[in-house]
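Reading through the structure tokens given below for one structure.
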Amino acid sequence: MAAKHEETRHYALATALLFEGGRAALSDCGFTIERALPDEGRIEASAGVNWKSFGEDIELTVRDGAVHARSSCKVSTTVFDFGRNRQNVEAVFRALESSLARLPAGRPDTIVGVVPAAATGRAPVPGELTREVFVSYAWGGESEALVERLERAFAEHGITVVRDKQALGYKADIRAFMERLGGGRCVIAVIGDKYLRSPHCMFELMRVAAQGNFQDRVFPVLLDDAKIHRSVDRVRYVQHWEAEIRELDEALKTVSAADLKGFREDIDRYAEIRRTIAELTSILGNMNTLSPQMHSESDFAALVAAVSAKLGAQD
């Protein structure tokens, strides 16, 4: 059986609009659409030959608010696809969700964002209005305790907080969730020292920045131990990531150079964090944010108001 990857995501959106969005997403990704069958809710496309494979077949199926994407290698004997099929599926969903995020709020057949099916435990009803905000944070301690209080405060205002521990099921793709978070219309980043030294947290923050409109979409909450307001303090985080790169690089020199793909990707990721952390922390440090204590005392009133305004605005 040929190598493949498939995934289903749910959207509170009319089927016809999802179908057209899926067709546009495939084209935006550079895939060739072979057949589009609206009555069956199916779109068939293909990807060309590249150094990773002899091409892939991509199929989108749209039904009752669910979009199922499947990518499989054209050559049936292909066992290893070097992640190509997963990349195809993730690229289609990124393109689709980027398009959906630009839809005007308030239309009866649209929402802004993705319905967190894992969190709600049910498929959404087409046309149902869902308001949500993603949260990027470091697990444990003050950060997670603050997120739990924040989650209750937003729920009282009808806004769903999408966080990894609730939205990710067993064996779910963590990297795919990070990509999804990065494209969120509103992202609350609870930033402390632990966050700025975490590869997972920093990857989420970089994905938000990569999707554009960083200052408009990110809503930071700075913990007291996040020392980013002075240049000399921000330099220490650059030094931390340089040390992480050196340590991993030195460790790799002690083993055979064969089959080190995953480790090399980590070095590349650390290097990207090192390259961007100075700029990102400078932007965050220049924002007028309230202290965690002020947020808690007001039950996050200012944060809820800012996110609500963003969710209700037309981009």
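The structure displayed is predicted, hence computed values, not measured ones.
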Review point. Given the rule in the side chain to side chain contact (heavy atoms under 4.5 Å, CB included) test, do Phe31 and Val92 qualify, once you have shown the distances and angles that lead to the verdict?
Key: CA-CA 10 Å; Phe31 301 136; Val92 169; 3.7 Å; yes
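- Residue Thr8 comes nearest to His10 through the heavy atom pair CG2-NE2, 4.3 Å, listed as atom of the first residue, atom of the second, then distance.
- The side-chain tip of Arg269 points at the ring of Phe203 from less than 6.0 angstrom away and within 45° of straight on.
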Practice item. Starting from the C-alpha separation in whole Å, work towards a yes-or-no answer on side chain to side chain contact (heavy atoms under 4.5 Å, CB included) for Glu44 and Asp57. Key: CA-CA 7 Å; Glu44 298 173 0; Asp57 292 318; over 6 Å; no
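- Here OG1 of Thr32 is found 10.0 Å from CG of Leu26. Values are rounded to the nearest 0.5 Å.
- Nearest heavy-atom pair, Ala176 versus Glu90, reported as atom, atom and distance to 0.1 Å: CB-OE2, 3.9 Å.
- Asp299 places a side-chain heavy atom less than 4.5 Å from the side chain of Glu156.
- Ring pair Tyr11/Phe93 is parallel by interplanar angle, where below 30° counts as parallel and above 60° as perpendicular.
- Around the CD atom of Glu242, the shell of radius 6.0 Å holds more than 12 heavy atoms that belong to other residues, nucleotides or ligands.
- Hydrophobic cluster membership differs between Val232 and Leu196, with clusters built from Ile, Leu, Val, Met, Phe, Trp and Tyr side chains linked at under 4.5 angstrom.
- Side-chain contact between Phe219 and Val133: absent, with no pair of heavy atoms (C-beta onward) separated by less than 4.5 Å.
- With hydrogens and angles left out, the side-chain atoms of Ser71 and Glu56 include no donor and acceptor closer than 3.5 Å.
- For the atom pair SG of Cys186 and CZ of Phe154, the computed distance is 8.5 Å after rounding to the nearest 0.5 Å.
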Point to revise | Derivation and outcome, side chain to side chain contact (heavy atoms under 4.5 Å, CB included), residues Tyr195 and Leu222 | key: CA-CA 10 Å; Tyr195 185 105; Leu222 300 183; over 6 Å; no
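- Between the CG atom in Asn213 and the NZ atom in Lys310 there is a gap of 6.5 Å [rounded to 0.5 Å].
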Practice item. Show the numbers, then the answer: is there a salt bridge (charged side-chain N to carboxylate O under 4.0 Å, His left out) between Arg70 and Glu59? Key: CA-CA 5 Å; Arg70 181 180 187 272; Glu59 181 178 284; over 6 Å; no
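- Between the side chains of His68 and Glu6, at least one donor N or O lies within less than 3.5 Å of an accepting N or O.
- There is no path of hydrophobic side-chain contacts, each under 4.5 Å, that joins Val62 to Leu37.
- Ser143 places no side-chain N or O within 3.5 Å of a backbone atom of Trp139 that could act as its donor or acceptor partner.
- With contacts defined as side-chain heavy-atom distances shorter than 4.5 Å, the pair Arg63/Thr15 does not qualify.
- Side-chain contact check for Val162 versus Val135: every heavy-atom pair is 4.5 Å or farther apart.
- Using a cutoff of 4.0 Å between basic side-chain nitrogens and carboxylate oxygens, Glu132 and Arg185 are not scored as salt-bridged.
- For the residue pair Ser136 / Glu204, a side-chain donor-acceptor distance below 3.5 Å is found, with atom types taken as modelled.
- When atom types are taken as modelled, the side chain of Thr281 and the backbone of Ala278 share a donor-acceptor pair closer than 3.5 angstrom.
- Relative to the ring axis of Phe300, Arg149 does not place its NZ or CZ within 45° and under 6.0 Å from the centre.
- Using a 4.5 Å heavy-atom cutoff, the side chains of Leu223 and Lys194 are not in contact.
- Rounding to the nearest 0.5 angstrom, the gap separating the CG atom in Asp224 from the OG atom in Ser291 is 7.0 Å.
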Practice item. In sequence, state the C-alpha distance, the side-chain angles, and the governing distance for Arg197 and Asp193, and then conclude on salt bridge (charged side-chain N to carboxylate O under 4.0 Å, His left out). Key: CA-CA 6 Å; Arg197 297 175 188 271; Asp193 183 74; 3.1 Å; yes
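- Here the CD atom belonging to Glu144 is positioned 12.5 Å from the CG atom belonging to Leu150, to the nearest 0.5 angstrom.
- When all heavy atoms are compared, the tightest approach of Ser72 to Lys4 is CB-CB, 3.7 Å.
- Salt bridge absent: Arg246 and Asp249 never bring a charged side-chain N and a carboxylate O closer than 4.0 Å.
- Cluster membership for Val235 and Met202, using ILVMFWY side-chain heavy atoms within less than 4.5 angstrom, is not shared.
- Within 6.0 Å of atom CE in Met294, 12 or fewer heavy atoms from other residues, nucleotides or ligands are found, so the atom counts as exposed in its surroundings.
- The hydrophobic clustering, which links ILVMFWY residues whose side-chain heavy atoms are closer than 4.5 Å, places Leu290 and Leu146 apart.
- Using a 4.5 Å heavy-atom threshold, the side chains of Arg236 and His240 count as separate.
- Here the closest non-hydrogen pair linking Ile43 and Arg23 is CD1-N, 3.5 Å.
- Using a 4.5 Å heavy-atom threshold, the side chains of His5 and Asn88 count as separate.
- For the pair Gly21 and Leu96, the tightest heavy-atom approach, listed with the atom from each and the gap, is C-CD1, 3.6 Å.
- A 6.0 Å sphere centred on CD1 of Ile174 holds no more than 12 heavy atoms belonging to other residues, nucleotides or ligands.
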Review point. Where do Leu205 and Leu280 land on the side chain to side chain contact (heavy atoms under 4.5 Å, CB included) test, with the steps shown first?
Key: CA-CA 8 Å; Leu205 195 65; Leu280 293 180; 4.1 Å; yes
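- Under 3.5 Å, the side chains of Tyr137 and Arg163 contain a donor-acceptor pair of N or O atoms.
- Environment of CD in Glu247: sparse, with no more than 12 heavy atoms of neighbouring residues, nucleotides or ligands closer than 6.0 Å.
- A heavy-atom distance below 4.5 Å is found between the side chains of Arg42 and Arg35.
- Within the model, atoms CG of Leu284 and CD1 of Ile277 stand 10.0 Å from one another, a figure rounded to the nearest 0.5 Å.
- Here the closest heavy-atom approach between residue Arg217 and residue Gly183 is recorded as NH1-C, 3.7 Å.
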